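The structure under discussion appears below in the form of C-alpha coordinates.
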Amino acid sequence: MRRLALFLILAVALAAGCATVPQPQVPLEPGARVETLAATVSLSVKTPDGSTGGNGYLLYHRPDRFHMVMLTPFGTTALEFFAAGERITILLPSKGQAYVGTFADLPAKGGLQGWRMMQWVVEGSPLYRPEAAGRTEEQTDDGGVTLATYGPDGLLERKRSARGEVIYRNYRSLGGVPFPAQVEFSDSHGVRVKIAFDEPEVNAPLDESALTPAWRG
(Lines give C-alpha, C1' and ligand atoms only; values in the text may rest on other atoms or scores of the structure.)
Protein backbone atom coordinates (compact mmCIF):
# COMPACT_ATOMS: atom_id res chain seq x y z
CA MET A 1 0.00 0.00 0.00
CA ARG A 2 2.81 2.33 0.87
CA ARG A 3 4.52 1.59 -2.46
CA LEU A 4 1.26 2.33 -4.32
CA ALA A 5 0.88 5.70 -2.55
CA LEU A 6 4.49 6.59 -3.34
CA PHE A 7 3.96 5.62 -6.98
CA LEU A 8 0.84 7.80 -7.25
CA ILE A 9 2.61 10.80 -5.70
CA LEU A 10 5.52 10.38 -8.12
CA ALA A 11 3.16 10.03 -11.11
CA VAL A 12 1.26 13.21 -10.19
CA ALA A 13 4.50 15.12 -9.69
CA LEU A 14 5.84 14.00 -13.06
CA ALA A 15 2.57 14.88 -14.78
CA ALA A 16 2.55 18.34 -13.21
CA GLY A 17 6.16 18.85 -14.20
CA CYS A 18 5.43 17.89 -17.81
CA ALA A 19 2.49 20.25 -17.94
CA THR A 20 4.60 23.23 -16.96
CA VAL A 21 7.55 22.63 -19.29
CA PRO A 22 7.53 25.58 -21.74
CA GLN A 23 7.72 24.88 -25.45
CA PRO A 24 11.04 26.10 -26.90
CA GLN A 25 10.86 29.02 -29.32
CA VAL A 26 13.14 29.48 -32.30
CA PRO A 27 15.46 32.46 -31.61
CA LEU A 28 14.52 35.64 -33.44
CA GLU A 29 16.40 36.31 -36.65
CA PRO A 30 17.49 39.93 -37.25
CA GLY A 31 16.12 41.04 -40.60
CA ALA A 32 13.48 38.30 -40.81
CA ARG A 33 10.20 39.71 -42.04
CA VAL A 34 6.62 38.73 -42.71
CA GLU A 35 6.25 37.74 -46.35
CA THR A 36 2.83 36.11 -45.99
CA LEU A 37 0.33 35.89 -43.15
CA ALA A 38 -2.83 33.89 -42.50
CA ALA A 39 -4.59 34.35 -39.15
CA THR A 40 -7.94 34.55 -37.46
CA VAL A 41 -8.42 38.02 -36.02
CA SER A 42 -10.43 39.97 -33.50
CA LEU A 43 -11.00 43.48 -34.79
CA SER A 44 -12.03 46.79 -33.25
CA VAL A 45 -12.50 49.97 -35.29
CA LYS A 46 -13.21 53.39 -33.81
CA THR A 47 -13.99 56.42 -35.96
CA PRO A 48 -15.22 59.96 -35.19
CA ASP A 49 -18.70 58.73 -36.17
CA GLY A 50 -18.85 55.57 -34.04
CA SER A 51 -17.27 52.19 -33.50
CA THR A 52 -17.61 48.61 -34.66
CA GLY A 53 -15.83 45.30 -34.28
CA GLY A 54 -16.00 41.58 -34.74
CA ASN A 55 -14.12 38.44 -35.65
CA GLY A 56 -12.85 37.13 -38.93
CA TYR A 57 -9.63 36.27 -40.69
CA LEU A 58 -6.89 38.07 -42.55
CA LEU A 59 -4.61 37.01 -45.39
CA TYR A 60 -1.62 39.15 -46.35
CA HIS A 61 1.02 38.92 -49.05
CA ARG A 62 3.90 41.32 -49.09
CA PRO A 63 4.08 44.08 -50.03
CA ASP A 64 0.53 45.37 -50.47
CA ARG A 65 -2.05 42.64 -50.99
CA PHE A 66 -4.50 41.51 -48.36
CA HIS A 67 -7.91 39.92 -47.96
CA MET A 68 -9.97 40.55 -44.83
CA VAL A 69 -13.17 38.70 -44.01
CA MET A 70 -15.51 39.85 -41.25
CA LEU A 71 -18.03 37.35 -39.89
CA THR A 72 -21.47 37.79 -38.36
CA PRO A 73 -22.16 36.41 -34.84
CA PHE A 74 -23.68 33.38 -36.63
CA GLY A 75 -20.45 32.65 -38.53
CA THR A 76 -21.60 33.81 -41.96
CA THR A 77 -19.64 36.34 -44.02
CA ALA A 78 -20.70 39.93 -43.40
CA LEU A 79 -18.01 41.67 -45.48
CA GLU A 80 -14.97 40.89 -47.57
CA PHE A 81 -12.31 43.49 -48.25
CA PHE A 82 -9.58 42.98 -50.86
CA ALA A 83 -6.67 45.32 -51.53
CA ALA A 84 -3.91 45.23 -54.13
CA GLY A 85 -1.91 48.41 -54.03
CA GLU A 86 -4.41 51.28 -54.24
CA ARG A 87 -7.14 49.15 -55.81
CA ILE A 88 -9.84 47.78 -53.51
CA THR A 89 -12.86 45.50 -53.78
CA ILE A 90 -15.57 45.31 -51.11
CA LEU A 91 -18.09 42.47 -51.17
CA LEU A 92 -21.32 42.38 -49.14
CA PRO A 93 -22.61 38.82 -49.71
CA SER A 94 -25.84 39.24 -47.75
CA LYS A 95 -26.85 42.16 -49.99
CA GLY A 96 -25.42 40.76 -53.20
CA GLN A 97 -23.44 43.96 -53.65
CA ALA A 98 -19.86 44.72 -54.64
CA TYR A 99 -17.84 47.93 -54.83
CA VAL A 100 -14.64 48.34 -56.85
CA GLY A 101 -12.44 51.40 -56.75
CA THR A 102 -9.44 52.84 -54.91
CA PHE A 103 -8.66 53.86 -51.35
CA ALA A 104 -9.12 57.48 -52.43
CA ASP A 105 -12.79 56.72 -53.15
CA LEU A 106 -13.50 55.76 -49.54
CA PRO A 107 -14.86 58.25 -46.98
CA ALA A 108 -11.95 59.65 -44.95
CA LYS A 109 -13.64 58.89 -41.61
CA GLY A 110 -15.46 55.69 -42.50
CA GLY A 111 -13.00 53.22 -40.99
CA LEU A 112 -12.02 51.30 -44.12
CA GLN A 113 -9.75 54.17 -45.19
CA GLY A 114 -7.54 53.24 -42.23
CA TRP A 115 -6.61 49.97 -43.95
CA ARG A 116 -4.61 52.01 -46.42
CA MET A 117 -1.94 52.03 -43.69
CA MET A 118 -1.59 48.25 -43.63
CA GLN A 119 1.43 48.20 -45.93
CA TRP A 120 3.17 50.82 -43.77
CA VAL A 121 2.29 48.85 -40.62
CA VAL A 122 4.03 45.73 -41.93
CA GLU A 123 6.69 47.22 -44.18
CA GLY A 124 9.50 49.71 -43.64
CA SER A 125 11.02 49.53 -40.17
CA PRO A 126 12.33 46.04 -39.30
CA LEU A 127 10.45 44.44 -36.42
CA TYR A 128 13.66 43.22 -34.77
CA ARG A 129 16.92 45.19 -34.60
CA PRO A 130 19.09 44.22 -31.61
CA GLU A 131 21.54 47.01 -32.44
CA ALA A 132 18.74 49.58 -32.06
CA ALA A 133 17.63 48.42 -28.59
CA GLY A 134 16.32 51.30 -26.48
CA ARG A 135 16.60 53.85 -29.29
CA THR A 136 14.30 55.91 -31.48
CA GLU A 137 15.51 56.07 -35.07
CA GLU A 138 14.56 58.42 -37.87
CA GLN A 139 13.93 56.69 -41.17
CA THR A 140 13.00 58.18 -44.54
CA ASP A 141 11.03 56.52 -47.33
CA ASP A 142 8.63 57.53 -50.10
CA GLY A 143 6.01 58.43 -47.50
CA GLY A 144 8.27 60.84 -45.60
CA VAL A 145 9.98 60.59 -42.22
CA THR A 146 9.16 57.80 -39.76
CA LEU A 147 10.26 57.71 -36.12
CA ALA A 148 10.72 54.08 -35.05
CA THR A 149 11.10 53.27 -31.33
CA TYR A 150 12.71 49.99 -30.28
CA GLY A 151 12.40 48.40 -26.84
CA PRO A 152 15.28 47.14 -24.70
CA ASP A 153 15.02 43.75 -26.42
CA GLY A 154 15.42 45.27 -29.88
CA LEU A 155 11.78 44.73 -30.87
CA LEU A 156 9.87 47.52 -32.58
CA GLU A 157 7.38 49.00 -30.12
CA ARG A 158 6.03 52.03 -31.96
CA LYS A 159 6.44 54.11 -35.08
CA ARG A 160 5.03 57.49 -36.05
CA SER A 161 4.84 59.58 -39.20
CA ALA A 162 2.53 62.00 -40.96
CA ARG A 163 0.45 58.94 -41.91
CA GLY A 164 -0.33 58.12 -38.29
CA GLU A 165 0.95 55.88 -35.53
CA VAL A 166 1.23 52.14 -34.94
CA ILE A 167 1.92 50.23 -31.71
CA TYR A 168 3.12 46.61 -31.57
CA ARG A 169 2.51 44.39 -28.53
CA ASN A 170 3.10 40.84 -27.25
CA TYR A 171 5.70 39.53 -29.66
CA ARG A 172 6.41 35.87 -30.24
CA SER A 173 8.83 34.01 -32.48
CA LEU A 174 7.22 32.19 -35.40
CA GLY A 175 10.03 30.13 -36.84
CA GLY A 176 12.46 32.94 -36.05
CA VAL A 177 10.22 35.68 -37.47
CA PRO A 178 9.17 38.25 -34.84
CA PHE A 179 5.39 38.65 -34.83
CA PRO A 180 3.24 40.86 -32.55
CA ALA A 181 0.04 39.25 -31.26
CA GLN A 182 -1.62 42.69 -31.11
CA VAL A 183 -1.31 45.72 -33.37
CA GLU A 184 -3.00 49.09 -32.97
CA PHE A 185 -2.80 51.79 -35.60
CA SER A 186 -4.42 55.18 -36.12
CA ASP A 187 -4.46 57.69 -38.94
CA SER A 188 -4.69 61.48 -39.19
CA HIS A 189 -8.50 61.33 -39.60
CA GLY A 190 -9.07 59.93 -36.11
CA VAL A 191 -9.62 56.33 -37.22
CA ARG A 192 -8.18 53.79 -34.77
CA VAL A 193 -7.91 50.07 -35.55
CA LYS A 194 -6.98 47.32 -33.10
CA ILE A 195 -6.20 43.80 -34.30
CA ALA A 196 -5.54 40.74 -32.14
CA PHE A 197 -4.13 37.75 -34.05
CA ASP A 198 -4.93 34.15 -33.13
CA GLU A 199 -2.95 31.15 -34.42
CA PRO A 200 -1.06 33.14 -37.08
CA GLU A 201 0.79 31.30 -39.83
CA VAL A 202 3.72 33.28 -41.18
CA ASN A 203 5.53 32.79 -44.49
CA ALA A 204 3.50 29.77 -45.57
CA PRO A 205 2.40 29.53 -49.23
CA LEU A 206 -0.85 31.36 -50.02
CA ASP A 207 -3.18 30.35 -52.82
CA GLU A 208 -3.45 33.17 -55.37
CA SER A 209 -7.21 32.69 -55.54
CA ALA A 210 -7.52 33.54 -51.83
CA LEU A 211 -6.22 37.05 -52.55
CA THR A 212 -8.36 37.63 -55.63
CA PRO A 213 -12.07 38.56 -55.42
CA ALA A 214 -14.29 36.05 -57.19
CA TRP A 215 -16.71 38.80 -58.23
CA ARG A 216 -16.10 40.45 -61.60
CA GLY A 217 -17.55 43.77 -62.59
Side-chain angles (χ1 to χ4, degrees), residues 16-46 53-68 83 114-188 190-206:
C18 292
T20 58
V21 174
Q23 295 296 320
Q25 285 198 13
V26 177
L28 294 174
E29 299 177 10
R33 61 188 180 186
V34 176
E35 299 286 347
T36 66
L37 169 67
T40 56
V41 296
S42 175
L43 184 69
S44 171
V45 180
K46 293 184 178 181
N55 299 314
Y57 63 85
L58 178 68
L59 302 176
Y60 167 81
H61 193 291
R62 182 179 177 272
D64 58 10
R65 299 183 67 192
F66 67 89
H67 175 196
M68 180 185 67
W115 288 94
R116 191 176 200 169
M117 294 178 62
M118 180 56 74
Q119 181 181 1
W120 181 67
V121 168
V122 180
E123 287 289 301
S125 308
L127 295 176
Y128 180 52
R129 292 195 66 220
E131 67 275 19
R135 298 207 311 257
T136 295
E137 297 189 335
E138 184 176 294
Q139 302 160 353
T140 304
D141 57 24
D142 294 339
V145 176
T146 294
L147 296 177
T149 300
Y150 289 86
D153 49 9
L155 290 167
L156 182 62
E157 292 183 342
R158 178 190 306 258
K159 63 181 182 180
R160 292 167 291 157
S161 77
R163 304 172 185 172
E165 180 180 41
V166 57
I167 300 171
Y168 307 85
R169 296 188 175 95
N170 302 334
Y171 278 92
R172 57 185 293 194
S173 171
L174 298 180
V177 180
F179 188 82
Q182 294 180 330
V183 174
E184 178 179 338
F185 57 94
S186 57
D187 66 16
S188 58
V191 176
R192 183 173 295 274
V193 180
K194 293 182 181 180
I195 312 175
F197 298 93
D198 185 32
E199 298 182 356
E201 293 185 15
V202 169
N203 296 347
L206 286 182

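Since the structure is predicted, the reported quantities are computational estimates derived from the model, not experimental observations. Throughout, numbering of the chain's residues begins at 1 and tracks the sequence.
Under the ring pair (Phe, Tyr, Trp, His ring centres under 6.0 Å) criterion, Y128 pairs with no residue at all, not counting sequence neighbours. Taking the side chain to side chain contact (heavy atoms under 4.5 Å, CB included) definition, one finds that S188 meets it with nothing, sequence neighbours left out. For S44, the side chain to side chain contact (heavy atoms under 4.5 Å, CB included) partners at least two apart in sequence or on another chain are K194. Residues passing the salt bridge (Lys or Arg N to Asp or Glu O under 4.0 Å) test with E137, sequence neighbours excluded: R129, R135. H67 is linked by a ring pair (Phe, Tyr, Trp, His ring centres under 6.0 Å) to F82, counting only residues two or more places apart in sequence or in another chain. Every residue meeting the side-chain hydrogen bond (donor to acceptor under 3.5 Å, both in side chains) condition with Q139, not counting sequence neighbours, appears here in chain and number order: S125. By the salt bridge (Lys or Arg N to Asp or Glu O under 4.0 Å) test, R192 is found to be paired with E184, residues two or more places apart in sequence or in another chain being considered. The ring pair (Phe, Tyr, Trp, His ring centres under 6.0 Å) test applied to F66 returns F81, W115, not counting sequence neighbours.
Atom-to-atom distance recorded for S173:OG and E29:CD is 7.5 Å, nearest 0.5 angstrom. Summarising the geometry, atom OG1 belonging to T149 is positioned 10.0 Å from atom CD1 belonging to I167; distances are rounded to the nearest 0.5 Å. Rounded to the nearest 0.5 Å, atoms CD (E201) and CG (L59) are 10.0 Å apart. The structure places OH of Y60 at 11.0 Å from CG of L206, a figure rounded to the nearest 0.5 Å.
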Report all side-chain donor-acceptor pairs from residues 31-40 shorter than 3.5 Å, counting only partners two or more places apart or in another chain.
residue	atom	partner	partner atom	Å
R33	NE	E35	OE2	3.0
T36	OG1	N203	N	3.2
T36	OG1	A204	N	3.1
T36	OG1	A204	O	2.7
T40	OG1	D198	O	3.0

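Surrounding CD of E131 are more than 12 heavy atoms belonging to other residues, nucleotides or ligands, all under 6.0 Å away.
Within the structure, side chain to side chain donor-acceptor pair (under 3.5 Å) pairs that include any residue of residues 150-160 comprise R158-E165 (at least two apart or interchain).
A pairwise comparison of heavy atoms in G154 and A133 identifies N-CB, 3.9 Å as the closest pair.
Y171 has its side chain within reach of L156: a pair of non-hydrogen atoms, C-beta onward, lies under 4.5 Å apart. Taking the side chain as every heavy atom from C-beta outward, L127 and F179 never approach each other to under 4.5 Å.
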